[in-house]
Amino acid sequence: MDWKDTLYKAGIVLKESIVEFIERQCREEVDNAKEMQREDDILRAIMGFVDLKASDMMILELLQRHYGIDSISEGKSYIMDARSYYQCDKLKEYLGLKGAAWVRYKTEHAILDKLKKNYKLLETSPEKLKVYFEKE
């Protein structure tokens with residue numbers, strides 16, 4: 001009988017360990033989802049400021065005040081990403097591409113990479129962007 005009791009207790013301990021593992025995994029998933037949502041919120045806010053023609057310094061101040069981003073390099077990275085996505089959206093709208101056609105065009109011309117490497121392209125009109133990307 002002692003042997004059965006030991007197995008029974010071990011089963012309970014194993015069950016509790018599995019439950020703890022699952023709960024820890026769920027907490028990590030929730031934390032990751034919150035971080036992804038925060039980053040998406042930051043990028044969308046910056047895109048809104050870009051729409052309003054705000055300067056990078058003004059955007060950095062707003063990021064510091066409302067999102068607690070104290071690192072200038074982190075703030076500039078967010079701004080560069082947001083401006084790149086903003087230009088992509090403008091080019092997509094100008095070209096009238098949707099779905100797989102847009103993904104193919106964007107990948108074929110490495111649009112995001114080129115936008116992130118050349119800051120001048122972030123201020124260029126969609127018409128000139130199209131000519132630039134198709135020329136290369």
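Owing to the predicted nature of the structure, the values given are computational and were not obtained by experimental measurement.
- Between atom CE of residue Met47 and atom CG of residue Asp81 there is a gap of 11.0 Å, rounded to the nearest 0.5 Å.
- Sparse packing is recorded around CD of Glu29, with 12 or fewer heavy atoms of other residues, nucleotides or ligands lying under 6.0 Å away.
- Within the 4.5 Å cutoff, the side chain of Asp56 has no heavy atoms near those of the Lys76 side chain.
- Note on Tyr119 and Phe133: same hydrophobic cluster, where clusters join Ile, Leu, Val, Met, Phe, Trp and Tyr whose side-chain heavy atoms are under 4.5 Å apart, directly or indirectly.
- In terms of modelled atom types and a separation under 3.5 Å, the side chain of Arg38 and the main chain of Tyr67 share a donor-acceptor contact.
- Within 6.0 Å of atom NZ in Lys116, more than 12 heavy atoms from other residues, nucleotides or ligands are found, so the atom counts as buried in its surroundings.
- For the atom pair CG of Leu122 and CG of Leu129, the computed distance is 8.5 Å after rounding to the nearest 0.5 Å.
- Checked against side chain to side chain donor-acceptor pair (under 3.5 Å), Asp41 has the following partners two or more places apart in sequence or in another chain: Gln37.
- Contact annotation: the side chain of Cys26 never approaches that of Val30 to less than 4.5 Å [non-hydrogen atoms, C-beta and beyond].
- In the hydrophobic cluster analysis, where Ile, Leu, Val, Met, Phe, Trp and Tyr join through side-chain heavy atoms closer than 4.5 angstrom, Met36 is grouped apart from Tyr78.
- Once rounded to the nearest 0.5 Å, the distance linking CD of Glu35 with CD of Glu39 reads 5.0 Å.
- Side-chain contact between Val50 and Tyr85 is absent, with no heavy-atom pair separated by less than 4.5 Å.
- For the pair Glu74 (side chain) and Ile69 (backbone), a donor-acceptor distance under 3.5 Å is absent.
- At a threshold of 4.5 Å between non-hydrogen side-chain atoms, the residues Tyr86 and Asp51 count as touching.
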Test log, rule side chain to side chain contact (heavy atoms under 4.5 Å, CB included), inputs Ile46 and Leu63: CA-CA 8 Å; Ile46 293 170; Leu63 288 177; 3.9 Å; yes
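- Distance check, rounded to the nearest 0.5 Å: SG of Cys88 to CZ of Arg83 gives 14.0 Å.
- Separating the CG atom in Leu91 from the CD atom in Glu127 is a distance of 9.5 Å, to the nearest 0.5 Å.
- The pair Arg27-Asp31 does not meet the salt-bridge criterion, since no charged nitrogen lies less than 4.0 angstrom from a carboxylate oxygen.
- Taking the side chain as every heavy atom from C-beta outward, Thr124 and Tyr132 never approach each other to under 4.5 Å.
- Other residues, nucleotides and ligands contribute over 12 non-hydrogen atoms within 6.0 Å of the NZ atom of Lys90.
- Side chain of Gln87 to backbone of Leu115: no donor-acceptor contact under 3.5 angstrom is found.
- Under the rule for a ring pair (Phe, Tyr, Trp, His ring centres under 6.0 Å), the partners of Tyr105 that lie at least two apart in sequence or sit in another chain are His109.
- The environment of CD in Glu93 is sparse: at most 12 heavy-atom neighbours from other residues, nucleotides or ligands sit within 6.0 Å.
- Rounded to the nearest 0.5 Å, atoms CG (Leu43) and CD1 (Ile79) are 10.5 Å apart.
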After noting the C-alpha distance and the side-chain angles of Leu62 and Arg65, does the key distance pass the side chain to side chain contact (heavy atoms under 4.5 Å, CB included) rule? CA-CA 5 Å; Leu62 293 167; Arg65 189 177 317 139; 3.8 Å; yes
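- The hydrophobic cluster containing Leu95 does not contain Val131, counting ILVMFWY residues as joined when their side-chain heavy atoms lie under 4.5 angstrom apart, directly or transitively.
- Between the side chain of Ser84 and the backbone N or O of Met80 there is at least one donor-acceptor pair closer than 3.5 Å.
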